[in-house]
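Order of the sequence lines sets the chain letters (A, B, ...), proteins ahead of strands, with each chain counted from 1.
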Amino acid sequence: MTTISDAFLLALQMMWQGNAELLSIIGLSLRVSLTAVVIGSTIGLPLGAFLALARFPGRNAFIVLLNASMGLPPVVVGLIVYLLLSRSGPLGPLSWLFTPMGMIVAQVVLITPIVGALARQTVADLWTEYEEQLRSLGLTPLRAIATLLWDGRFSLSTAVLAGFGRAIAEVGAIIIVGGNIAGYTRTMTTAISLETSRGDLALAMALGIVLLTIAIAINTGASLLNSFTRKTQGA
Amino acid sequence: MHAPAPLLPLLLEEVSFQAGGQRLIDGVTLRLEAGPPTVILGPNGAGKSLLLRLCHGLLQPSSGRVAWLGPAAQQRDTLRFGQAMVFQKPVLLRRSVLDNVIFPLKLRGMNRHARAERAQAALDRVGLAALAERPARVLSGGEQQRLALARAWALNPQILFLDEPTANLDPAATRQVEQIIKGFVRDGTKIVMTTHDLGQAKRLASDIVFLHRGRITERTPADIFFTAPRSDEAGAFLNGDLTW
């Protein structure tokens with residue numbers, strides 16, 4: 001019990017003093033996960049909208065695959081990206097293994113199906129509502145993609161936040177691909193994992209508090225955004 | 001605006017529409033010419049909304065054909081853009097009132113300045129100019145329907161399909177919508193509408209198409225229809241005896 005409270009106090013102290021190691025770890029985590037979310041959303045949102053509107057052979061199988069990929073085990077993604085990026089792998093010449101770039105790649109693989117699958121559902125629902133009107137106005141389904149993404153922007157932000165939540169919290173993929181190198185590829189989750197096993201609970205606890213705070217902030221932001229738009233936009 | 005080549009007449013020939021093994025529209029032949037409004041009447045479930053959707057091209061007939069006979073029907077753009085439809089429950093985009101009107105104008109390749117001007121004129125016409133910057137979804141039911149009409153008006157359609165445009169509105173909003181519809185008529189737009197409101201049909205219709213169980217039982221000038229309907233079904237409907 002004393003360990004927990006000691007660690008907690010030490011954690012608060014580190015946060016209060018702006019411990020340099022702590023800050024650099026948080027900074028890297030945010031940089032990697034935010035970049036991954038931007039890339040994953042840039043791919044996932046149009047992909048989801050396309051799947052909602054286009055009709056082509058194999059579409060249903062593709063959707064099932066995409067939905068299933070929402071639950072990809074991070075360690076497996078980490079392993080596959082590791083193999084791709086390793087010196088003898090097809091992407092070896094990029095030298096991205098054990099770099100933040102490699103971690104971003106792994107997180108993009110994890111996030112894109114989440115954003116894509118959620119976006120597909122949102123856009124499909126919106127299309128059900130809009131279809132007759134948009135077709136009446138002269139829009140073909142594929143030309144409606146941009147319109148539906150824009151009109152679904154508030155609901156779609158939830159999909160993007162879900163992707164970010166996944167990225168910032170996962171450890172399995174980036175610890176394999178990044179290698180948890182101090183000062184270079186050490187993120188909040190990989191550091192917690194390492195420091196806990198080494199017994200340095202204060203740093204782990206401080207990072208844990210920051211992670212929880214970020215998670216709570218994201219969810220609060222999402223629900224505030226939701227009720228705000230419902231009120232002001234009637235959406 | 002320049003007068004575009006005409007799209008009308010619209011001809012439906014032996015049009016049937018089936019869904020779930022049921023023949024919901026059954027061998028309808030109908031010719032719609034440019035001119036004063038045509039109102040489609042009939043009990044619930046007669047197929048009035050389906051008929052409008054078949055005319056507008058939102059549904060494809062199971063058999064028979066829907067053909068535009070005017071010279072403009074040869075050009076795909078006029079065919080798509082020469083007609084408009086306003087639905088019972090207006091579907092408004094999650095954008096401002098003004099952007100809702102501008103949206104279809106953009107599709108038609110109108111330049112930024114022209115479409116802003118056109119949209120503004122449309123809002124003026126339906127009395128929504130003061131609400132231009134509001135999100136469309138927070139408008140009242142009557143305002144939403146007027147916005148849907150403004151959006152259609154901005155397109156300057158040759159024919160406008162209206163599906164129960166005042167079904168959910170109070171009397172004041174209904175009267176405003178009817179005024180706007182009369183404005184369309186003055187501009188030379190052919191109105192084809194369904195309604196449950198017999199008073200409205202009397203006020204607006206030039207001729208009545210009576211639909212019963214997916215079939216047209218008669219098509220009669222409005223003044224004759226309301227005094228001496230030709231088909232038994234229409235007579236029973238006007239007396240309130242036709243339940244479906």
(request) Go through B:His56, B:Arg95, B:Lys89 and name the one with the most non-hydrogen pairs under 4.5 angstrom from chain A. (result) B:Arg95
(message) Looking at B:Arg53 and A:Glu132, is any side-chain nitrogen of the basic one under 4.0 Å from a carboxylate oxygen of the acidic one?
(response) yes
(request) Heavy atoms only, distances under 4.5 angstrom: which of B:Val86, B:Leu139, B:Leu93, B:Leu92 has the most pairs with chain A? Name it, please. (result) B:Leu93
(request) Please say whether more than 12 non-hydrogen atoms of neighbouring residues, nucleotides or ligands are located less than 6.0 Å from CZ in B:Phe81. (result) yes
(message) Take a 6.0 Å sphere around NZ of B:Lys182 and say whether it holds more than 12 heavy atoms from other residues, nucleotides or ligands.
(response) yes
(request) Tell me, for B:Phe103 versus chain A, whether the close heavy atoms (under 4.5 Å) come from the side chain, the backbone, both or neither. (result) side chain
(request) Can you tell which part of B:Arg151 gets under 4.5 Å to a heavy atom of chain A, answering side chain, backbone, both or neither? (result) side chain
(message) Assess whether a salt bridge exists between A:Arg135 and A:Glu131, defined as any Lys/Arg side-chain N lying under 4.0 Å from an Asp/Glu carboxylate O.
(response) yes
